**Q** 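Structure incoming, see below.
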Amino acid sequence: MDYNKLWDNLIRAVMTCTNCQLCKTRTNSVPGEGNRDADLMFIGEGPGRDEDLSGRPFVGKAGQLLDKMIEAIDLKREDVYIANIVKCRPPGNREPNEGEARACLPYLRRQVYLVRPRIIVCLGATAVRYVIDKKAGITRIRGQWIERKGYWLIATYHPAALLRDPAKKYDAWEDFKKIRAKLDELGSKPPRQDALMETDGDE
Ligand code: URA
Ligand code: SF4
C-alpha cells in the first residue's frame, strides 16, 4: 500500500481510537507530528493540557524548551518527528498506567516503522520504561547509546523535568551534543525502497 495511505490510516486510527480508557477524557488525540522521513525521533510520555486542547505534541512549556534544545543542535522542529507513548492525555497529567501504555504502543511501533529514524531519543522515565528497558532508571541510563534493530536509542531527561530542576540542564545538554555528533557520524539514511520506485513524484 502507498506510504501516505499507511500514514493516513494510522493517524485516523489514533484520532478515533477507543482502545483504552483515556479516550473517555481526551479532547483530542495527539498522534504525533514532524518530518515523516526524519533521521531523529523524540518520544515523550503523553499529551498534557495544551496538547490535549490543540491535538499537537509538545506545544506547552515543556515543548517550547524542547524546541530550543532542538535548535541548539542546529535542527528545526520540522526536521524531526515527535511522538508520545500514549496519544491521549492522562487526566491531571498523571503517568499513563501500564495497561494504557500497552494499549497504545502499537501506534508508536508503527510510527517508528514508517519514519525509520536513525536515532530515537526517549524523553524521561516513561519513554525509557516502554522503549528501552522496563527496569532502567533515567538517571542511570541517560546519555548511553544502545543499538537495537538498526536503531540507535538514547535517553535524556524530559524537558518538564528540566523545568522543575534546571540543574539537570547541564547533563541534558551533554546528551544533546552526543545526539548531534551521532547524527553527523551516521549521516542521512538511504531513501525508502518505495520512494525509489515512485515515478510520478506524487508526494
Ligand atoms: N509532555 C509529553 O510527554 N508529551 C507532550 O506531548 C507534552 C508534554
Ligand atoms: Fe487509543 Fe492510545 Fe488514546 Fe488509549 S491513549 S484511547 S490506546 S490512542
Side-chain angles (χ1 to χ4, degrees), residues 6-36 38 40-71 77-115 117 120-132 137-138 141-142 153-166 168-169 172 175-176:
L6 294 173
W7 269 111
D8 290 347
N9 290 350
L10 173 61
I11 302 293
R12 195 173 323 114
V14 172
M15 302 290 250
T16 56
C17 179
T18 56
N19 290 351
C20 87
Q21 61 192 354
L22 296 180
C23 71
K24 293 187 211 153
T25 44
R26 74 179 173 223
T27 313
N28 295 292
S29 312
V30 181
E33 68 179 27
N35 178 357
R36 292 176 174 183
L40 182 57
M41 180 164 176
F42 288 93
I43 300 176
E45 176 176 293
R49 185 172 162 276
D50 297 308
E51 292 77 21
D52 174 69
L53 291 174
S54 65
R56 298 180 53 210
F58 281 100
V59 291
K61 286 239 164 63
Q64 284 159 25
L65 178 55
L66 178 62
D67 288 352
K68 276 201 222 160
M69 297 173 82
I70 291 170
E71 280 161 26
R77 184 180 165 107
E78 307 83 74
D79 295 328
V80 306
Y81 195 86
I82 304 176
N84 280 304
I85 297 293
V86 291
K87 314 305 194 198
C88 303
R89 182 195 186 197
N93 292 355
R94 65 166 170 76
E95 259 178 51
N97 66 38
E98 174 143 12
E100 292 157 355
R102 299 271 167 228
C104 212
L105 275 170
Y107 296 127
L108 181 64
R109 283 198 201 97
R110 194 105 197 112
Q111 287 171 306
V112 171
Y113 173 81
L114 288 173
V115 175
I120 297 173
V121 182
C122 290
L123 296 170
T126 299
V128 166
R129 182 170 315 132
Y130 294 106
V131 176
I132 301 185
I138 181 72
I141 204 171
R142 59 149 280 276
L153 310 179
I154 193 167
T156 190
Y157 292 119
H158 193 289
L162 302 179
L163 291 172
R164 282 192 302 270
D165 180 4
K168 291 193 166 94
K169 282 187 182 174
D175 300 339
F176 269 71

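None of these values were measured; they are calculated from a predicted model. Atoms within a ligand are numbered from 1 in the order they appear, just like the ligands themselves.
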**Q** May I ask you to determine how many protein N/O/S atoms are under 2.8 Å from atom 3 (Fe) of ligand 2?
**A**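 Protein heteroatoms (N, O, S) closer than 2.8 Å to atom 3 (Fe) of ligand 2 number 1.
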
**Q** Would you say P31 and M15 make side-chain contact, with heavy atoms under 4.5 Å?
**A**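 When only atoms from C-beta onward are counted, M15 and P31 do touch, with a gap below 4.5 Å.
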
**Q** Between E51 and R26 (salt bridge meaning N to carboxylate O under 4.0 Å), is one present in this structure?
**A**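 No, E51 and R26 are not salt-bridged.
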
**Q** Considering residues at least two apart in sequence or located in another chain, which fulfil the side-chain hydrogen bond (donor to acceptor under 3.5 Å, both in side chains) criterion with T27?
**A**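 Per chain and number, T27 pairs via side-chain hydrogen bond (donor to acceptor under 3.5 Å, both in side chains) with D52.
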
**Q** Side chains of N97 and E100: do they bring a donor and an acceptor to under 3.5 Å?
**A**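 A donor-acceptor contact under 3.5 Å links the two side chains.
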
**Q** Describe, in one word, how the ring planes of H158 and F58 are oriented to each other, choosing from parallel (under 30°), tilted (30 to 60°) and perpendicular (over 60°).
**A**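 Ring orientation, 0 to 90° scale: tilted.
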
**Q** Passes side-chain contact (heavy atoms from CB on, under 4.5 Å), V121 versus L40? Steps please.
**A** CA-CA 8 Å; V121 182; L40 182 57; 3.6 Å; yes

**Q** Between K61 and L163, is the side-chain contact (heavy atoms from CB on, under 4.5 Å) condition met? List the steps.
**A** CA-CA 8 Å; K61 286 239 164 63; L163 291 172; 3.9 Å; yes

**Q** The test is ring-ring contact (aromatic ring centres under 6.0 Å, His included); show your working for Y107 and W7 and say whether it passes.
**A** CA-CA 11 Å; Y107 296 127; W7 269 111; over 10 Å; no

**Q** Heavy atoms under 4.0 Å from ligand 1: which residues qualify?
**A**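 Close residues (ligand 1, cut-off 4.0 Å): G44, E45, G46, E51, P57, F58, N84, H158.
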
**Q** Restricting to salt bridge (charged side-chain N to carboxylate O under 4.0 Å, His left out), what partner residues turn up for R56, sequence neighbours left out?
**A**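 Expected list: E33.
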
